[in-house]
Every structure is written in structure tokens, then in C-alpha cells.
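Reminder, nothing fancy here: chain letters follow the sequence lines and each chain counts from 1.
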Protein chains: 2
Amino acid sequence: MIANAMKADTRANHDLTRNQALVFGVLEGSEAPLSAYSILDQLREDGLRAPLQVYRALEKLVDFGLVHRLESLNAFVACNHPSGPEAGESHGTVAFAICEKCDNVAEFADPDFVERLRGWAKAEGFEPHSTIIELRGLCEGCCVA
Amino acid sequence: MIANAMKADTRANHDLTRNQALVFGVLEGSEAPLSAYSILDQLREDGLRAPLQVYRALEKLVDFGLVHRLESLNAFVACNHPSGPEAGESHGTVAFAICEKCDNVAEFADPDFVERLRGWAKAEGFEPHSTIIELRGLCEGCCVA
DNA sequence: GACGTAATGTTATACAATAACATTATTGCG
DNA sequence: CGCAATAATGTTATTGTATAACATTACGTC
Ligand SMILES: [Zn+2]
Ligand SMILES: [Zn+2]
Ligand SMILES: [Zn+2]
Ligand SMILES: [Zn+2]
């Protein structure tokens, strides 16, 4: 699968440490976003014992652009951008659509939308260093049901 | 002051209970967003003892549209929409620009980019029930300094 | 006054994140 | 290699955020 090859690449590019690789692995294998503590629970067998070990790995992974933090959930997801993590996106603005029924998270970036936000900021003299956009609701599958 | 009169009106319209009025009062009097626990600290003299008393009041105030929750801060602010709380805004989409130096929060609503978001959602079949937009950065005053 | 509903008070607990400190790899260089 | 700088790890304790569960009290309505 091409997407997996790409992910393996970016992972290698960043030379993930053991803990980072473990945490990233759990997130990659999960459909839904996960809290740091539930990640920890899945890594007890691998020797992780303390929340801090997970939080430290997450911090790096977020820096690398491999993982996103969802502020409205206090949870984390592996990057699932259509064009792959870091394809010019990792340092751009991303938006998330979070289904409250099935926990699916769709990730997207709309340049026009971002441009409009930037326009408002500029007019106000506000200098944004990060932008959080999270839609909560029902995904297509859960909407009809 | 007209703004205060307006706020008093909306407060009266909702017939705030004692605890709700106390919590709202603290938020109105604060420049920066406040956590539930720091609100509680300011209300010990008034008889409040437990976090739940504050959280319950906050839940109602958010429902009324008098208060907003900032997801990226785990904190709350009194509504400061230009046209006043509930001026057609309370059930619309609002965005926040949060200064990380002085803690000032600017609240704004841009119908155009809300429309654009809605367009994306519709195309994806996603039915949003709430939208979170938070810009983190430096406000005009802190930007130059 | 009896009933349903909403608000309140209280205690205990769950969940999320960081502080502080000791230890161990890794890397780059003289 | 020997050594210093840097980054990653491990561990314990603590702080901060939010809710569960249950008992009680006020309030509107018939
Ligand atoms: Zn991404
Ligand atoms: Zn869904
Ligand atoms: Zn508002
Ligand atoms: Zn500022």
C-alpha cells in the first residue's frame, strides 16, 4: 500500500526512538483518536509505565507533524492528510471533522479558508502561531442512520 | 455604560440563579479567560465549595450563550461579541483569537468563512453540530513589543 | 398540599498533564 | 579513544481538570 510506504518513509526520516515508535504505532493502528492514558494502557506490555513517557513521545510526534492533537477531545490521532503527513501540510493549518457517534476523524485543509482567517488576523494585527479548527458532529455514515 | 446595560438585560432575560450569577459576575469582571477552579477560588467567600457548583453554572451559562468555553485552554470567557451576546450570534459560529502573552481574547464571526466551512462539510456529508475555531498567537499590542 | 422538575450541596473519584530528579544513550569532537 | 554536550529515558510525586453518585432543598403547577 502506497500510503503505508509513505508513512514508513516519514517515520524513518525522523528516526523515531523506541518510545516514539511505540506510541506512533498505537495511533496508526487506531481508528479513533486516543488519549495519552489509553495509549499508555496499550503499551504496558512493552514496558511503558508512566504517563510522562507517552506525553514526551507525543510531543515529538506532534512536532514532526506525524500526529495531531485534538483540543476538544484531549486526544491524539495519527496524521491522515490526503496528501500524506508533511506533504507541505505539516506546518500549515489543518481542520478536523470529528464524528461524535463513530469517533471517525476526517482531516482536511482548505487553502481559501485559511487565507480568509489570515486576512482577518492581519486586519486585526493579530499574529497567529497556531490555528485550531475542529468540527464536531456526525459523519456521512452516521448522519443518515 | 450601554454595554453593561445590555449585559444586565440578557442576564435578567435568563433569570440567572444565584450560583450562575456569581460565576457570570466573576467572568464579566475578568480580562483573561478563567479556569473553573480559579473561578471557584474567587467564590469561596460567597459560599461555593466544590468544583461541581461552578461547572454546573458554567454549563448553563454556555447554553445561554453568555459564556464561551475555550477548548485549547480549558477555560471560560464571558461573551464579548461586538454585537453583544445572543445578537443572532449565540447559536452561530464564533472564532477566538487568544493572545499567549497578555491573555486577551478577541471574539469574531466571519460569515464568509463559516459559509466555506459549511460548504466543505456539506460536500463531505458531514453534519456539524458545533464548530471550534481558536487562533493562538500574539495580539496587536504584544506583537510589536 | 402533592407532584414533577430544576437547582443545590457534599464527598469521593476519575481523567489529564506536569514538576523534579536520577539515569542512560547518543553524538560530535579533540 | 576519552570526554563533554545533548537528547532520551525511567520513576515518583504532585498539580490541574472534570464527573459520578447520592442526598437535599427550592420552585412552579395543578
Ligand atoms: Zn495531518
Ligand atoms: Zn460517524
Ligand atoms: Zn459570544
Ligand atoms: Zn497580547
Side-chain angles (χ1 to χ4, degrees), chain A residues 11-27 30 32-64 66-77 98 100 103 130 132 134 136, chain B residues 11-27 30 32-64 66-77 98 100 103 130 132 134 136:
Chain A
R11 209 168 8 191
N13 289 344
H14 281 300
D15 234 347
L16 297 189
T17 66
R18 175 184 145 86
N19 287 1
Q20 288 161 16
L22 285 170
V23 169
F24 187 57
V26 170
L27 283 173
S30 168
L34 297 174
S35 74
Y37 278 74
S38 68
I39 293 171
L40 175 58
D41 285 338
Q42 295 185 46
L43 290 175
R44 286 256 152 72
E45 302 171 345
D46 298 281
L48 294 216
R49 290 146 209 262
L52 206 48
Q53 298 176 285
V54 175
Y55 279 108
R56 288 201 273 229
L58 285 169
E59 187 181 2
K60 292 293 182 184
L61 293 168
V62 169
D63 280 351
F64 296 158
L66 295 175
V67 165
H68 299 291
R69 178 192 163 89
L70 301 176
E71 298 289 343
S72 68
L73 291 179
N74 294 329
F76 302 82
V77 284
I98 303 166
E100 298 190 323
D103 291 325
S130 79
I132 296 146
E134 296 179 18
R136 309 284 302 263
Chain B
R11 210 167 11 193
N13 287 345
H14 281 296
D15 235 346
L16 296 190
T17 66
R18 174 183 145 84
N19 287 1
Q20 288 161 17
L22 285 169
V23 169
F24 187 56
V26 170
L27 282 174
S30 168
L34 297 175
S35 75
Y37 279 77
S38 69
I39 293 172
L40 175 58
D41 285 338
Q42 295 186 46
L43 290 174
R44 285 256 151 72
E45 302 171 347
D46 298 280
L48 293 218
R49 289 147 209 266
L52 205 48
Q53 297 175 286
V54 175
Y55 279 107
R56 287 200 275 229
L58 285 170
E59 186 181 1
K60 292 294 183 184
L61 292 169
V62 170
D63 281 351
F64 296 158
L66 296 173
V67 166
H68 299 290
R69 179 192 163 90
L70 301 176
E71 298 289 343
S72 67
L73 291 179
N74 294 329
F76 301 82
V77 284
I98 304 166
E100 298 190 324
D103 291 326
S130 80
I132 296 147
E134 297 178 18
R136 308 284 302 266

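- Atom pair B/E59:CD and C/dT8:C1' shows a separation of 14 Å (rounding to whole Å applied).
- Rounded to whole Å, the distance from CG on B/D63 to P on C/dA6 is 13 Å.
- The closest side-chain heavy-atom distance from A/Q53 to A/V23 is not below 4.5 Å.
- B/T17 has no side-chain polar atom (N or O) that falls below the 4.0 Å cut-off from OP1 or OP2 of C/dA6.
- Summarising the local packing, CD of B/E100 is surrounded by more than 12 heavy atoms from other residues, nucleotides or ligands at distances under 6.0 Å.
- Nearest nucleotide to the side chain of A/R56, out of D/dG10, C/dT8, C/dA7: D/dG10.
- As rounded to whole Å, 9 Å separates atom P of C/dT8 from atom CZ of B/R18.
- Distance CD (A/Q20) to P (D/dG10): 12 Å, rounded to an integer number of Å.
- Phosphate contact (OP1/OP2 of C/dA17, side-chain N/O of A/R69, threshold under 4.0 Å): present.
- Closest to the A/Y55 side chain, of the nucleotides C/dG9, C/dA16, D/dA18, is C/dA16.
- Note that CG of A/D46 and CG of A/L22 are 5.0 Å apart. Values are rounded to the nearest 0.5 Å.
- Scored by the side chain to side chain donor-acceptor pair (under 3.5 Å) test, B/E134 finds B/S72 as partners (sequence neighbours excluded).
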* Go through the steps for B/F64 and B/L16 under the test side chain to side chain contact (heavy atoms under 4.5 Å, CB included), then give the verdict. => CA-CA 10 Å; B/F64 296 158; B/L16 296 190; 3.7 Å; yes
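- Of the residues in residues 32-53 of chain B, those with a non-hydrogen atom less than 4.0 angstrom from any atom of DNA chain D are B/S35, B/Y37, B/L52.
- Using a distance-only test at 3.5 Å, with no hydrogens or angles considered, no donor-acceptor pair links the side chain of B/E59 to the main chain of B/R56.
- In this model, the phosphate group of D/dA18 is approached by a side-chain N or O of B/N74 to a distance below 4.0 Å at OP1 or OP2.
- No donor-acceptor pair under 3.5 Å is formed between the side chain of A/S30 and the backbone N or O of A/L27.
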Would you tabulate the nitrogen or oxygen pairs shorter than 3.5 Å linking the protein to nucleotides 26-29 of chain C?
none

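- A donor-acceptor pair under 3.5 Å is formed between the side chain of B/Q20 and the backbone N or O of B/T17.
- Summarising the geometry, the separation between CG on B/L22 and P on C/dA7 is reported as 15 Å, rounded to the nearest angstrom.
- Following rounding to the nearest Å, A/L58 (CG) and C/dA16 (P) show an atom-to-atom distance of 12 Å.
- At least one side-chain heavy atom of B/N74 sits under 4.5 Å from a side-chain heavy atom of B/R69.
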